[in-house]
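What follows is a short report on a single structure.
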Amino acid sequence: MKIVCIGGGPAGLYFALLMKQMNPAHDIRVIERNKPYDTFGWGVVFSDATMDNMRQWDPVTAAEIEQAFNHWDDIELLFKGRKIRSGGHGFVGIGRKHLLNILQARCEALGVQLVFETDVKDDEDYADADLIIACDGVNSVIRSKYQDIFKPDIVVRPNRYIWLGTNKVYEAFTFDFVRTEHGWFQAHIYKFDDQTSTFIVETTEDTWKASGLDKADQAQSIAFCEKLFADNLQGDKLRTNARHLRGSAWINFNRVVCEQWWLKNPKGSHVVLMGDAVHTAHFAIGSGTKLAIEDAIELARQFQIAGDTKEHIPEVLAAYQEVRRVETLRIQNAAWNAMEWFEVCGERYCDQLEPEQFMYSMLTRSQRISHENLRLRDAQWLGGYEKWLAEKNGVAVDGKAPPPMFLPYTVRGLTLKNRIVVSPMAQYSAVDGVPGDYHLMHLGARAMGGAGLVFAEMACVSPEGRITPGCPGTYNEVQKQAWKRICDWIHQYTDAKFAMQIGHAGAKASTRLAWDGTDLPLEQGNWPIMAASEQQYLQGVSQTAKAMTRADMDEVKQQFVHAAQMAAEIGVDWLELHCAHGYLLSGFISPLTNHRTDEYGGSLENRLRYPLEVFRAMRAVWPQDKPMSVRISATDWVPGGTTAEDAVQIAAAFKAAGADVIDVSSGQVSKQEKPVYGRMFQTPFADRVRQEAGIATIAVGAISEADHANSIIAAGRADLCAVARPHLANPNWTLTEAAKIGYTPISWPKQLYQGKRQMESLFEREKAQQAAAGGH
């Protein structure tokens, strides 16, 4: 084959040498705009997995790169006058120039033709090529030419950063956070040879402008950074190796994702994107070079599988795209989480968190490093952090501290034994709104299962406010006595606390039981429904809800008050108002469902007016020593709907009205929603609300194991974790997860106690077997 690589970065050079090594008959050229053996940039970071790959594919290059590598295990945080260090993280770094020089020399040794000082503007200039590798960087000319086919999604991120270097050598991957009068700056620092370190300085656009850096040239920017980080640099200088010193050196990161990765151009050559031209990953997890190298390896591997002749090019490129798309999206998602953490840390974490918790939050920022993974990396540091966190929460530690999810939580006059909550989960099994034996069994079993707080499903304030005929209520004496029976049973036989969630289904009322057709109207016996505005939840299918009048609003508010009084008389420990998921009060809050033109519509302040009226009226009759929470949909997942920014304002408004906790869910307001699912996918909303509104939160959504809950609580992303589906599958989820992670001090109900040691022994044996298998 005739192969042309446009761009002499790691992707193009490494692919060229792999293909030449595979078949010396290939005619391969690498076209680079810079001079021979000349490049720009500082250090790059690799992972151990990438090096394993490189050893397999080209041991000669891998050996030379490893000789030049600098390896370090520690991450060090400089923050608020403190220095905190954690080990076991395992990075390897090399100078970008040295890496490219090694790859260039290897290419020449194998017979690859390197063409320098040639700036390619058009792939069609190489009409004789069978295969053109467009690895011409984040601003790829080739990608831009065929953007209608490649369909790049390019997102310019808000932070500004400058990529510098210093001759000061750092023994740990160092993060330094410095506050100025205009805001926070952070530096990402790591050595890449025995005399040089990368020094990236980052800040928000607002802080950058307020500091006058938008008007500073490179020399002035460097002087600013040297002064800002003078305590760190201790007299050493910062420098740039950029090509010119005119204009600002501060840039924004561009996140690139392409829908299509390859095509056949008008001259008949196949063109494929590689490296930053097709995908970028933020430097916060240092994976750009890793992705480029692994792109090259995968494309070479596909040629090895299918055959390295031009006839096989289309099938090879299709397979390459399919395989790499999955892996790069995984890395990009982790990089996105890490990137967002650094973008918001000044506003969300730097002032709010103490150095110990800030360090934990930073280490787990990508959500790829979990609580137990941290223990594997540095058990001593994590043990010390768990002890600090426990003592901060009033737990005296003599020996090993309890995991974060098993710390007590106190709000008003109530103390929960741990941070695990059984989520409200609709069971559709009530008769005339009365919870029966099924509910006693269902809730009682979960109360015995180890959670600190058990929620009953939403109890509706009127017959018309029920979602389905099978939903329970809080509007008559029979229901009150049935709920009291359940509440008393939980209090008598368990040490869990019992919570009720009060709501009104609004436009989603009068529908079938879930297993008969979720959200579909009843086949017969429908009752009139109402909402903030006239609407159909399912267009053309649902009943049409009438817009509430002021008289309707007064009546329903009184029903909520009556429900709160009833809950107090039942002896409920915790009360929650349901303002999420498209139900009545949620319908007032979301602009998708509130089209009112009176004082209850329009602005967010107006849309909140009625839900706040209801909340205040309930709070007034609810015992002052007992907590109240509010469940909200933090985002509607629909353009024009409620946003995460709105969620902060909504939470702040309920906090001002007397709410103690915000239960942060999302969506279910519109069938047009497009949620982005994943493990702990709603936790970032709880995190943002907690830090920015300054109120305790409950995290919900795809929290399915102890590692998730421990990470959330330890990082301060939420105060409690609500677990739903796993509790449907296993009422004893909390006890089971404690056994899995080896937390044996947890108490079990005395009736179940003989099963405790058996379960703990079972998981101990499984761990031992896995360790033995890993050893072989």
Side-chain angles (χ1 to χ4, degrees), residues 155-160 183-184 203-210 252-253 255 336-353 361 365 532 579-582 585-595 601-609 611-612 615 629-657 659 661-670 672-678 680-701 716-719:
V155 179
V156 180
R157 300 306 301 171
N159 268 19
R160 292 279 181 165
W184 287 86
T203 191
T204 64
E205 181 89 2
D206 289 344
T207 301
W208 176 72
K209 285 183 175 178
N252 299 87
F253 176 76
R255 195 292 314 270
W336 184 278
N337 292 336
M339 172 189 69
E340 280 197 323
W341 189 93
F342 282 107
E343 288 173 352
V344 303
C345 64
E347 179 182 11
R348 196 175 297 172
Y349 307 119
C350 288
D351 292 322
Q352 291 87 333
L353 302 183
S361 180
R365 64 190 180 274
C579 293
H581 300 167
L585 298 181
S586 169
F588 272 88
I589 296 171
S590 174
L592 299 177
T593 49
N594 184 339
H595 305 128
S603 68
L604 179 58
E605 181 182 7
N606 283 357
R607 300 196 310 271
L608 275 169
R609 194 183 302 274
L612 287 170
F615 178 84
S629 58
V630 180
R631 175 166 279 212
I632 66 169
S633 284
T635 176
D636 293 337
W637 300 107
V638 178
T642 303
T643 66
E645 184 177 11
D646 293 333
V648 175
Q649 297 180 56
I650 293 166
F654 278 110
K655 176 187 177 184
V661 180
I662 303 296
D663 191 350
V664 188
S665 187
S666 70
Q668 301 181 52
V669 172
S670 167
Q672 305 304 310
E673 67 182 8
K674 293 184 178 178
V676 180
Y677 293 112
M680 302 179 284
F681 74 104
Q682 295 180 132
T683 298
F685 302 128
D687 186 6
R688 181 170 184 176
V689 166
R690 185 179 191 266
Q691 313 309 335
E692 295 185 19
I695 187 170
T697 58
I698 304 174
V700 308
R717 296 186 175 105
D719 300 271

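Predicted model, so just to flag it, every value in this text is computed and none were measured. Count residues from 1 along the sequence.
- Smallest separation of non-hydrogen atoms from Ala659 and Ile695: O-CD1, 3.6 Å.
- Two residues are said to be in side-chain contact when any heavy atoms from C-beta on lie closer than 4.5 Å; Asn159 and Thr204 meet this criterion.
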Q: Tell me, with the steps shown, if Asn594 and Ile589 meet side-chain contact (heavy atoms from CB on, under 4.5 Å).
A: CA-CA 7 Å; Asn594 184 339; Ile589 296 171; over 6 Å; no
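- Between the Thr635 side chain and the Thr642 main chain, a donor and an acceptor come within less than 3.5 Å of each other.
- Side chain of Ser633 to main chain of Asp636: no donor-acceptor pair is present (N/O by atom type, distance under 3.5 Å, no hydrogens or angles).
- Listed for the Thr697 side chain is no donor-acceptor partner under 3.5 Å among the backbone atoms of Ile662.
- Checking side-chain atoms of Gln682 against main-chain N and O of Ser666 turns up a donor-acceptor pair under 3.5 Å.
- Put simply, the side chain of Glu205 never gets that close to the backbone of Asn252: no donor and acceptor are under 3.5 Å apart.
- Smallest separation of non-hydrogen atoms from Ala693 and Ala651: CB-CB, 4.0 Å.
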Q) Between Val676 and Trp637, is a side-chain contact (heavy atoms from CB on, under 4.5 Å) present by the stated rule, with each step listed? A) CA-CA 8 Å; Val676 180; Trp637 300 107; 4.0 Å; yes
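- Here Arg365 pairs with nothing under the salt bridge (Lys or Arg N to Asp or Glu O under 4.0 Å) rule; sequence neighbours left out.
- Residues Arg717 and Ser361 meet the side-chain proximity criterion, which asks for heavy atoms closer than 4.5 Å.
- Across every non-hydrogen atom of Glu673 and Val669, the tightest pair is OE1-N, 4.2 Å.
- For the atom pair CZ (Arg607) and CG (Leu604), the distance works out to 5.0 Å, reported to the nearest 0.5 Å.
- When atom types are taken as modelled, the side chain of Asp663 and the backbone of Ile632 share no donor-acceptor pair closer than 3.5 angstrom.
- Of the possible donor and acceptor atoms, none in the side chain of Asp687 sits under 3.5 Å from a partner among the backbone N and O of Pro684.
- Considering NZ of Lys209 and OG1 of Thr207, their distance stands at 11.5 Å, rounded to 0.5 Å.
- Using modelled atom types, no side-chain atom of Arg255 and backbone atom of Arg157 make a donor-acceptor pair closer than 3.5 Å.
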**Q.** Worked check of side-chain contact (heavy atoms from CB on, under 4.5 Å) between Cys579 and Phe615
**A.** CA-CA 10 Å; Cys579 293; Phe615 178 84; over 6 Å; no
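- In this pair, Trp341 and Tyr349 present their aromatic rings parallel. The plane angle is below 30°, not in the 30 to 60° band.
- Proximity of Glu645 to Arg688: side-chain heavy atoms (C-beta onward) are separated by under 4.5 Å at one or more points.
- Taking both residues in full, the closest heavy atoms of Ser665 and His581 are given as OG-NE2, 2.8 Å, listed atom of the first, atom of the second, then distance.
- Going from atom CG of Leu608 over to atom CG of Leu585 covers 10.5 Å, rounded to the nearest 0.5 Å.
- Here the side chain of Gln352 pairs a donor or acceptor atom with the backbone of Glu347 at under 3.5 angstrom.
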(Q) Using the rule given for side-chain contact (heavy atoms from CB on, under 4.5 Å), can you reason through Leu592 versus Val638, listing the C-alpha separation, both sets of side-chain angles and the distance that settles it, and then say yes or no? (A) CA-CA 9 Å; Leu592 299 177; Val638 178; 3.7 Å; yes
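- Although no hydrogens or angles enter the test, the distance criterion places no donor-acceptor pair under 3.5 Å between the side chain of Arg631 and the main chain of Val664.
- No side-chain heavy atom of Asp719 sits less than 4.5 Å from a side-chain heavy atom of Val661.
- Across all their heavy atoms, Gly346 and Asp351 have their closest contact at O-OD2, 4.1 Å.
- The minimum heavy-atom distance linking Ala699 with Ala718 is given by the pair CB-CB, 3.6 Å.
- By the 4.5 Å heavy-atom criterion applied to side chains, Trp184 and Thr203 are not counted as neighbours.
- Rounding to the nearest 0.5 angstrom, the gap separating the OG1 atom in Thr593 from the CZ atom in Phe588 is 9.5 Å.
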